[in-house]
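I have placed the structure first, in the form of structure tokens, so that the comments after it can refer back to it.
For the numbers below, each heavy atom of this structure counts, side chains included, while hydrogens, waters and symmetry mates do not. Given the structure is predicted, the values throughout are model-derived calculations rather than measurements.
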Amino acid sequence: MNQVARWAEKNTGKHILAALALASVIPCRAQNPGPADEGQQNRVVLVSLVDRKLAVIDNGVVVATFQVAVGAEVSPSPAGEFRIVSRVSNPTYYHRGTVIPTGKDNPVGTRWVGLSLKGYGIHGTNAPRSIGRAASHGCIRLRNHDMERLFTMLRIGDLVQIRGERDEQVARIFGEQGDETVVASAQNPPQNSEQQEATQSVVGLGN
């Protein structure tokens, strides 16, 4: 064995160990994604309680709008700014000892998007005739097929703005007309017993 071959044999193990050590400190982008791209950071969900409509806005452009149900007068939806903190496909509904599996009888439908205000979310419904009305316990409801489409557009961390009054942006996006809807302050929303007991982790809000 010549001198070059002996040197290569002697140092091959060291090179392999060095490569493994380097790999261990370099994060894998597929497993540990970095911050959201600029487009995702600028995605906003705008809900008009007056119009009972929801818009998805990406970099200032409205990419989709949906008709929704909002909180009833006795259980109004909170107005304010929130973040999406959870996304659940085919949720199981838990409330006061009641368990309803995913399916046509599930009060939150086929998708749940939890907000940073505990107990509130955007979800589907088993009562599609309520859409367009002030009929929920405070959450924002969509028809299941609309919610499934919306679900694909949203990510954890996206901003959700719920507006209880008309302003220039709401009028520009949803039009000039709207029905008055009673709303609550985001800082101190009234909570009935269902909302106090509900948690996003088990998708327990009444609907």
Side-chain angles (χ1 to χ4, degrees), residues 45-57 62-80 82 84 86-115 117 119-154 160-166 170-171 173-184 189-200 202-207:
V45 178
L46 177 65
V47 179
S48 171
L49 300 179
V50 176
D51 296 278
R52 298 162 193 175
K53 291 182 180 179
L54 177 154
V56 180
I57 305 168
V62 177
V63 296
T65 59
F66 303 92
Q67 192 174 29
V68 302
V70 301
E73 183 174 353
V74 297
S75 53
S77 299
F82 313 97
I84 292 174
S86 63
R87 299 169 71 253
V88 183
S89 295
N90 300 316
T92 296
Y93 175 81
Y94 300 86
H95 181 65
R96 292 182 180 176
T98 300
V99 179
I100 303 177
T102 184
K104 63 182 180 62
D105 296 324
N106 193 307
V108 295
T110 58
R111 301 289 187 273
W112 166 270
V113 172
L115 302 183
L117 182 60
Y120 291 87
I122 304 170
H123 61 77
T125 184
N126 62 347
R129 291 185 180 181
S130 68
I131 303 304
R133 302 179 181 179
S136 79
H137 290 100
C139 287
I140 306 301
R141 295 180 190 168
L142 287 78
R143 296 179 179 88
N144 284 336
H145 63 84
D146 285 342
M147 186 61 206
E148 289 170 9
R149 180 186 172 203
L150 175 65
F151 191 83
T152 66
M153 301 178 182
L154 305 182
V160 177
Q161 298 177 335
I162 301 179
R163 304 278 179 82
E165 298 179 357
R166 297 196 133 265
V170 169
I173 292 174
F174 299 114
E176 296 293 340
Q177 301 300 317
D179 298 323
E180 183 178 358
T181 301
V182 177
V183 299
Q191 290 190 334
N192 56 34
S193 58
E194 289 182 356
Q195 291 167 338
Q196 291 172 343
E197 187 172 320
T199 62
Q200 292 174 336
V202 296
V203 193
L205 188 60
N207 59 11

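A side chain to side chain contact (heavy atoms under 4.5 Å, CB included) with V160 holds for exactly one of L154, L117, I84; it is I84.
Inter-residue side-chain proximity for V170 and V50 is flagged as unmet; no heavy-atom pair is nearer than 4.5 Å. A 4.5 Å side-chain heavy-atom check between I173 and I57 finds at least one atom pair inside the cut-off. For the pair T65/K53, no side-chain contact is recorded, criterion being any heavy-atom separation below 4.5 Å from C-beta on.
With sequence neighbours left out, S130 forms a side-chain contact (heavy atoms from CB on, under 4.5 Å) with A69, T125, A127, A135, R141. Every residue two or more places apart in sequence or in another chain that forms a side chain to side chain donor-acceptor pair (under 3.5 Å) with T110 is listed here: E148.
A distance of 6.0 Å separates CG in L54 from CG in L142, rounded to the nearest 0.5 Å. Atom CD of E165 sits about 10.5 Å away from atom OG of S48, to the nearest 0.5 Å. Atom CZ of F66 sits about 14.0 Å away from atom CD1 of I140, to the nearest 0.5 Å. To the nearest 0.5 Å, atoms CD1 (I162) and CD1 (I122) are separated by 6.5 Å.
For R87, the CZ atom counts as densely surrounded, since its 6.0 Å shell holds more than 12 non-hydrogen atoms of other residues, nucleotides or ligands.
Taking every heavy atom of both residues into account, S136 and S77 meet most closely at OG-OG, 4.4 Å. G119 and W112 make their closest contact through O-CH2, 4.4 Å (heavy atoms, listed as atom of the first residue, atom of the second, distance). Taking both residues in full, the closest heavy atoms of V62 and A55 are given as CG1-CB, 4.3 Å, listed atom of the first, atom of the second, then distance. The shortest non-hydrogen separation linking G132 to R52 is O-CD, 3.2 Å. Of all non-hydrogen atoms in A79 and G164, the two that sit nearest each other are CB-N, 4.1 Å. Of all heavy-atom pairs between H123 and C139, the closest is NE2-CB, 3.4 Å.
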Test side-chain contact (heavy atoms from CB on, under 4.5 Å) applied to L150 and R111, step by step:
CA-CA 9 Å; L150 175 65; R111 301 289 187 273; over 6 Å; no
For residues 97-106, please give each side-chain donor-acceptor pair under 3.5 Å, one per line with the distance, not counting sequence neighbours.
from: T98; atom 1: OG1; to: H95; atom 2: O; distance (Å): 3.4
from: N106; atom 1: OD1; to: V108; atom 2: N; distance (Å): 2.9
from: N106; atom 1: ND2; to: P91; atom 2: O; distance (Å): 2.8
from: N106; atom 1: ND2; to: I100; atom 2: O; distance (Å): 3.3
from: N106; atom 1: ND2; to: P101; atom 2: O; distance (Å): 3.4

